[in-house]
Amino acid sequence: MVIVLALSGCSKPAEPKGEGGSTAKTGEPGSPVELTVFAPQSAGIESLDVNPFSKHIEEKLGIKFKWNTTPDAVFNDKKLLMLASGDYPALIMNAGISKADQIKYGMQGAFIPLNDLIEQHAPNIKKAMEEIPYLAPAMTAPDGNIYALPKVNECLHCTYGQRMWINTTWLEKLGLEMPQTTDEFYEVLKAFKEKDPNGNGKADEIPLTTSLDVWGGGVDAFLMNAFIYNNGTSYLSVKDGKVILSATEPEWKEGLKYLRKLYSEGLIDKGAFTQNGDAVKQLGNKSENVVGAVGYALISSMLDTTDAKPRHKEYDVVPPLKGPNGVQLAGYSVGAGDGSFVITNKATEEERIAAIKLADYLFSEEGTVMTSWGFEGDGWRKAEAGALDYNGKPAKYEALKRDVPEGTPDVTWWQLGTMLMVNSIRESFVAPEDPLGNGAYEYRLWLAAKKYEPFAKPELVYPTDVFIDPADATFIAQIQKTIQDYVKSNLAQFVTGSKDIEKDWDAYVSGFKGLQLDKYLEIHQKALDNQGS
C-alpha cells in the first residue's frame, strides 16, 4: 500500500527529543556491537552509512552498523539468492518475507525464533503484542515461533482503501445531491453524461473512470460492496464463519448486472479494463475537466494535490452506496503484513540481543516518529498549547514542511525495517485548518475514511496475514493468481457484454471446479481456524 506523508527532503537535523525509546545500550562504551545488515537502498537516502538517523541509533543503542545495500528494484531477487546460497548477514530489513517463507527459512534454521529475545529484551514489542489484537496471531507461525517482525503501519485511509471520488462541482452545477444508493449513483452518472456539466457544449464527459494497476482501482472495488463483500483482490470473504469466494455467489451476479448496465449506457469509461494509471492521469489533467468520478483509493493517483493545481479540490469521496437489497459495505483491510525484520543464524548471541533491541526501539513511539518524520525541529515539533489533533483532542505533534530540493539525501530511514505506526500516533498530529490545502493531504484522506468507517464489517473479511500450512503453501502459490485472473477476466467479459450474464453464469461458476476452488477454500478455512485457535 502507498502511505502518503506530508514530508520531503531534509535539512540539518536538530537533536531528537522524542519519547518512549529505551536508552539502554547493548554494548559497553567504546565497544559497540557490530550488526551486519542487508537492506534496500531507498531513493532519497544518499547512504545509510552516513544517514543521521543511523548515527542517532548507533549512539543511542551502542551498536555499529555494517550495511550491505542494493537498489530497491533488485532487492528481492538478491535476498532470495543470498538465502539460497547461505551467504547472508546477521540481520535482514525490509525483507518482504511472506508467511510461507517465514516458515520455510525458520524451519531450515536460517531465521532464528524471536520469542525468547522478545520476552527478555523487547518490552515495546511485547506490549504491542498484548494490546493489538491482530499482531500476535499475525506474527506467530503454526509451530508457535516468531521468525519475523512485521512493519505495523496503520492508517485509517489504508484500512478503507476502496473508495470512489466524485466531482462535487458538477453535482452542484446540476443541482444533484451526493448519491446514497446504487440507483442514485446511476442517475448521477447519467446526468454527468447527458447534461454537459463542464459547460463546453461538447459531449466529452466521462462519467466514471478507473484502471486496474492503481491502488483501489477497478470497476468492482467500490461498487460491488453494495451487493456483496468484495476486497477487490483475492475475492475471499467469510460468511457465518465459512470462507467463500464472493465472486461465485448469487449476489456477485446481481452486482455484475448493475455494472453491465452502467457500461452499456456509456457511464463507465471504455478503457477501464485496459488502460493504465497514466492514461487516467491524462484524462484528469485535460485543459477542460472531463472526469465525473474515479474509482481509486487516492485522488492523488489522478490529480496533483497542491494549491498550484487546484482541480483536486473539486472532488470528494462517495460514501458506501446502499444496494437494492440493503447491502452497504466498506472494503476493509487491516493486518501486520509480511515480515520486515529477521535475525538470521549468522548472528552471535550478542548480535541477536543488539538486533532485537534495535527492533524494540523502532517499535517505540520515539523510534516510529523519527523513522517516519525525522528529527524534532526538522520534520516535526511538539504541538503548541491549544492545538487540536485529528479527533479534536489536544495534539501531541505538529508536522513541519521541509523545503529542500527534490532528491536531497534524507535524514531519516523512511520506515526502513520495522515500526509500530498505529492510528493513535498518526491522529495525534495537529489537524490542518484547511483539509484541501498544501500539506493537509493525509488529514483529508483521514476525513474521507471516516465516512467509510461506519460501514465496516470485519467479520466478513478474510484476514490478509494468516499462516498457510507449509504443506499447502506450494498449491496456494500456484493456484491463487490463476483464480484471481479468472475472476478478473470474466468480470471484464460480463461487464463489457462479450459474455451474457444470464446465459454464461452457470458455465463461469462451473469453471472454478477445474481450478480446484474447493481445495483452495478448504486450505484457507484451515488457516483461518488455526489462527483463531
Side-chain angles (χ1 to χ4, degrees), residues 21-22 24-42 45-97 101-102 104-106 108-118 120-122 125 145-151 338-363 367 370-371 409-410 412-419:
S22 169
K25 300 209 172 180
T26 58
E28 293 299 321
S31 58
V33 178
E34 185 175 87
L35 272 182
T36 56
V37 187
F38 179 54
Q41 182 62 53
S42 300
I45 299 178
E46 181 179 35
S47 170
L48 285 166
D49 291 303
V50 300
N51 181 272
F53 188 54
S54 297
K55 296 300 181 184
H56 161 71
I57 290 175
E58 288 180 332
E59 181 179 346
K60 187 177 186 72
L61 299 183
I63 59 179
K64 175 64 179 175
F65 289 116
K66 184 178 180 181
W67 295 100
N68 176 2
T69 61
T70 193
D72 274 321
V74 296
F75 176 77
N76 190 59
D77 289 340
K78 186 172 180 181
K79 173 196 71 181
L80 294 175
L81 287 172
M82 292 173 71
L83 289 169
S85 69
D87 183 18
Y88 46 81
L91 180 60
I92 303 176
M93 297 203 304
N94 267 39
I97 302 289
D101 280 347
Q102 289 176 43
K104 174 183 175 181
Y105 294 110
Q108 288 178 1
F111 299 163
I112 67 165
L114 306 179
N115 308 50
D116 291 342
L117 288 169
I118 292 172
Q120 297 169 24
H121 304 288
I125 298 174
N145 286 322
I146 297 170
Y147 295 112
L149 296 174
K151 182 187 297 179
D338 288 338
S340 194
F341 188 105
V342 294
I343 303 174
T344 76
N345 58 357
K346 304 291 186 179
T348 66
E349 184 62 26
E350 185 180 39
E351 291 167 350
R352 295 177 185 191
I353 293 172
I356 203 67
K357 286 188 173 182
L358 165 61
D360 196 60
Y361 173 66
L362 294 174
F363 252 64
M370 290 185 67
T371 193
D410 218 320
T412 189
W413 273 7
W414 285 112
Q415 305 178 350
L416 177 71
T418 189
M419 65 177 185

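When a residue number appears, it is its place in the shown sequence, counting from 1. None of these values were measured; they are calculated from a predicted model.
In this structure, the side chain to side chain donor-acceptor pair (under 3.5 Å) partners of Asn76, at least two apart in sequence or on a different chain, are Lys79. Remark: Tyr147 pairs with Asp143, Asn145 by the side chain to side chain donor-acceptor pair (under 3.5 Å) rule, at least two apart or across chains. Residues satisfying the side chain to side chain donor-acceptor pair (under 3.5 Å) criterion with Asn345, sequence neighbours excluded, are Tyr88.
Atoms CG and CG, on Asp77 and Leu80 in that order, are 6.5 Å from each other to the nearest 0.5 Å. Once rounded to the nearest 0.5 Å, the distance linking CD of Glu58 with CG of Leu358 reads 10.5 Å. Interatomic distance, CG of Leu114 versus CD1 of Ile125, reported as 8.0 Å (0.5 Å rounding). Between the CD atom of Glu350 and the CD atom of Glu34 there is a distance of 11.0 Å, given to the nearest 0.5 Å. Note that the OG atom of Ser42 and the CG atom of Leu416 stand 6.0 Å from one another [nearest 0.5 Å]. Annotation: the span from Thr371 atom OG1 to Trp414 atom CH2 amounts to 9.5 Å, rounded to 0.5 Å.
Between the side chain of Asn51 and the backbone N or O of Ser54, at least one donor-acceptor pair lies under 3.5 Å. Here the side chain of Lys151 pairs a donor or acceptor atom with the backbone of Gln415 at under 3.5 angstrom. Remark: side-chain polar atoms of Ser85 are paired, donor with acceptor, to backbone N or O of Leu81 under 3.5 angstrom. Looking only at distances, no side-chain donor or acceptor of Asn94 sits under 3.5 Å from a matching main-chain atom of Ser340.
Residues Leu149 and Ile118 have side chains in contact (heavy-atom distance under 4.5 Å, counting atoms from C-beta outward). Counting heavy atoms from C-beta outward, Phe53 and Met370 have side chains that approach closer than 4.5 Å. Looking only at side-chain heavy atoms (C-beta outward), Asn68 and Lys78 come within less than 4.5 Å of each other. Using a 4.5 Å cut-off on side-chain heavy atoms (C-beta onward), Pro89 and Met82 make contact. The shortest side-chain heavy-atom distance between Ile112 and Thr344 does not fall under the 4.5 Å cut-off. The shortest side-chain heavy-atom distance between Leu61 and Pro32 does not fall under the 4.5 Å cut-off.
Between Phe111 and Tyr105, the angle of the ring planes lies from 30° to 60°, which puts this pair in the tilted group. The aromatic rings of Trp67 and Trp413 stand perpendicular to each other, their planes meeting at an angle above 60°, with 30° marking the opposite boundary.
The two residues Ile97 and Gln102 come nearest to each other via the heavy atoms O-NE2, 3.0 Å. Shown here for Gln41 and Leu48, the closest heavy-atom pair between the two residues is OE1-N, 4.2 Å. Taking each heavy atom of Ile63 and Ala354 in turn, the nearest pair found is CG2-CB, 3.8 Å. The nearest pair of heavy atoms linking Ala90 to Glu351 is CB-OE1, 4.1 Å. Taking each heavy atom of Thr412 and Ile45 in turn, the nearest pair found is O-CD1, 3.6 Å. When all heavy atoms of Ala39 and Phe75 are compared, the closest pair comes out as C-CE1, 3.5 Å.
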Checklist entry - Phe65 and Asp49: side chain to side chain contact (heavy atoms under 4.5 Å, CB included), yes or no, with the steps? => result CA-CA 7 Å; Phe65 289 116; Asp49 291 303; 5.9 Å; no
Next on the checklist: Using the rule given for side chain to side chain contact (heavy atoms under 4.5 Å, CB included), can you reason through Leu91 versus Thr36, listing the C-alpha separation, both sets of side-chain angles and the distance that settles it, and then say yes or no?
Outcome noted: CA-CA 6 Å; Leu91 180 60; Thr36 56; over 6 Å; no
Item to check | Criterion side chain to side chain contact (heavy atoms under 4.5 Å, CB included) on Lys64 and Val33, from CA distance to verdict | outcome: CA-CA 6 Å; Lys64 175 64 179 175; Val33 178; over 6 Å; no
Next on the checklist: Between Asp338 and Asp101, does the side chain to side chain contact (heavy atoms under 4.5 Å, CB included) criterion hold? Intermediate values first, please.
Outcome noted: CA-CA 10 Å; Asp338 288 338; Asp101 280 347; over 6 Å; no
